[in-house]
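The structure presented is a predicted model; accordingly, all values stated were derived computationally and were not measured. For reference, positions follow the sequence shown, starting with 1.
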Amino acid sequence: MIAQKFGRYDIAMKTDAEGNPILLFIGKAGDDGMIKGDHFSRRLQKDPEGKVIKDHWDYKGKV
């Protein structure tokens, strides 16, 4: 997990083995470090050569 501040929001990203972000949490971090806000999931598909075919973010709701 990579935690950062972006403007007035706290964000946390989980990456895959290649370093591409696949999960995103954006909102306000509590005292325990957990973010209260929105959750997004990335859909990333590649062909056998490694070229990106599909790349988009899906909104998964509030956390």
Side-chain angles (χ1 to χ4, degrees):
M1 292 292 274
I2 300 169
Q4 298 180 18
K5 289 270 286 173
F6 182 75
R8 63 186 177 123
Y9 297 105
D10 296 308
I11 61 172
M13 294 177 282
K14 184 174 182 178
T15 61
D16 62 8
E18 297 175 356
N20 298 312
I22 55 171
L23 290 177
L24 173 70
F25 299 93
I26 185 166
K28 286 289 186 185
D31 294 334
D32 58 356
M34 298 296 289
I35 294 182
K36 304 281 189 210
D38 297 310
H39 170 214
F40 295 88
S41 176
R42 187 178 190 187
R43 177 84 166 159
L44 186 63
Q45 288 184 338
K46 296 182 181 181
D47 65 8
E49 298 170 354
K51 184 178 175 186
V52 175
I53 298 171
K54 290 185 181 181
D55 182 9
H56 70 275
W57 290 91
D58 291 323
Y59 177 68
K60 296 296 183 176
K62 294 279 187 188
V63 288

| remark: Contacts satisfying ring-ring contact (aromatic ring centres under 6.0 Å, His included) that involve residues 42-63 (not counting sequence neighbours) are Phe40-Tyr59
| request: Scan residues 7-34 for pairs that pass ring-ring contact (aromatic ring centres under 6.0 Å, His included), counting only residues two or more places apart or in two chains. | output: Phe25-His39
| query | Hydrophobic clusters join Ile, Leu, Val, Met, Phe, Trp and Tyr when side-chain heavy atoms are under 4.5 Å apart, directly or via other members; which others share one with Val52? | reply | Leu44
| note | Cluster membership besides Ile53, Ile/Leu/Val/Met/Phe/Trp/Tyr side chains within less than 4.5 angstrom, sorted by chain and number, is none
| query | Residues in salt bridge (charged side-chain N to carboxylate O under 4.0 Å, His left out) with Lys5, at least two apart? | reply | Asp10
| task | Applying salt bridge (charged side-chain N to carboxylate O under 4.0 Å, His left out), name anything that partners Lys54, two or more places apart in sequence or on another chain. | result | none
| said: Could you report the tightest heavy-atom contact between Pro21 and Arg42, atom names first, then the distance? | reply: O-CD, 2.9 Å
| Non-neighbouring partners of Lys51 that pass side-chain hydrogen bond (donor to acceptor under 3.5 Å, both in side chains), sequence neighbours left out | none
| Roughly how far, to the nearest 0.5 Å, is the CD1 atom of Ile26 from the CD1 atom of Ile35? | 8.0 Å
| task | Flag the pair Leu23 / Met13 as yes when at least one side-chain heavy-atom distance between them is below 4.5 Å, and no otherwise. | result | no
| Sequence-distant partners of Thr15, side-chain contact (heavy atoms from CB on, under 4.5 Å), two or more places apart | Ile2
| query | Is the shortest side-chain N to carboxylate O distance from Asp55 to Arg43 below 4.0 Å? | reply | no
| Is there any salt bridge (Lys or Arg N to Asp or Glu O under 4.0 Å) pair reaching into residues 11-36, and which pairs are they, with sequence neighbours excluded? | Glu18-Lys46
